[in-house]
Asker: 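Mind having a look at this structure? Questions to follow.
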Amino acid sequence: MEILKIDHLGIAVNSMQSGRAFWSDVLGLAFEGEETVAEQKVKTAFFPVGESEVELLESTSADGPVARFIEKKGTGFQHVAFRVANLDEALAELKAKNIQLIDEKPRLGAGGARIAFLHPKATGGILVELCERS
Ligand code: ZN
């Protein structure tokens with residue numbers, strides 16, 4: 001597969017407001033608005049950092065994946081997202097290598113990206129997202 005760059009780092013926060021207090025007010029990263037991804041039960045905000053971005057994730061529901069992550073591991077670094085040239089090809093390659101996936105098929109993420117998550121069991125404990133943007 002062709003990995004183009006680190007697209008973003010996902011960071012789980014209890015609230016967007018407290019997250020922004022550090023990432024935006026202290027570090028001075030530009031806040032470019034929030035987006036709710038209903039399917040993932042999450043509110044996201046992206047902060048550009050050079051060629052990559054920081055993504056803050058606030059759960060909108062107590063049973064959402066981000067809420068469950070915070071319950072188990074606390075707030076903080078949650079996933080790394082690699083931008084790939086072709087997500088369908090990348091997933092086919094991973095399946096051929098018997099890599100455990102959370103998403104067998106691409107789904108729609110924030111900002112209209114096509115995304116898929118790899119299972120942390122297959123990556124040494126890190127939640128890895130692949131994303132393709134047109
Ligand atoms: Zn992400």
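All ligand and atom numbering here is 1-based and tracks the order in the structure.
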Asker: Using 2.8 Å as the threshold, say whether any N, O or S atom from Glu129 sits that close to the Zn ion (ligand 1).
Answerer: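 Checking Glu129: at least one N, O or S atom is under 2.8 Å.
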
Asker: Among pairs that include at least one residue of residues 114-134, which meet ring-ring contact (aromatic ring centres under 6.0 Å, His included), considering only residues two or more places apart or in two chains?
Answerer: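 ring-ring contact (aromatic ring centres under 6.0 Å, His included) check on residues 114-134 returns His79-Phe117.
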
Asker: With rounding to the nearest 0.5 angstrom, report the NZ to CD distance, Lys43 to Glu34.
Answerer: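 It comes to 4.5 Å.
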
Asker: Check this for me: Leu4, atom CG, are more than 12 non-hydrogen atoms of other residues, nucleotides or ligands nearer than 6.0 Å?
Answerer: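 Check passes, neighbour count above 12.
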
Asker: Does the shortest distance from the Zn ion (ligand 1) to an N/O/S atom of His79 fall below 2.8 Å?
Answerer: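 An N, O or S atom of His79 is closer than 2.8 Å to the Zn ion (ligand 1), so yes.
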
Asker: With sequence neighbours excluded, what pairs up with Phe69 under the ring-ring contact (aromatic ring centres under 6.0 Å, His included) test?
Answerer: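 Applying ring-ring contact (aromatic ring centres under 6.0 Å, His included) to Phe69 gives none.
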
Asker: Which atom, among the N/O/S set of Glu55, is closest to the Zn ion (ligand 1)?
Answerer: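 Checking each N, O and S atom of Glu55, the shortest distance to the Zn ion (ligand 1) belongs to OE1.
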
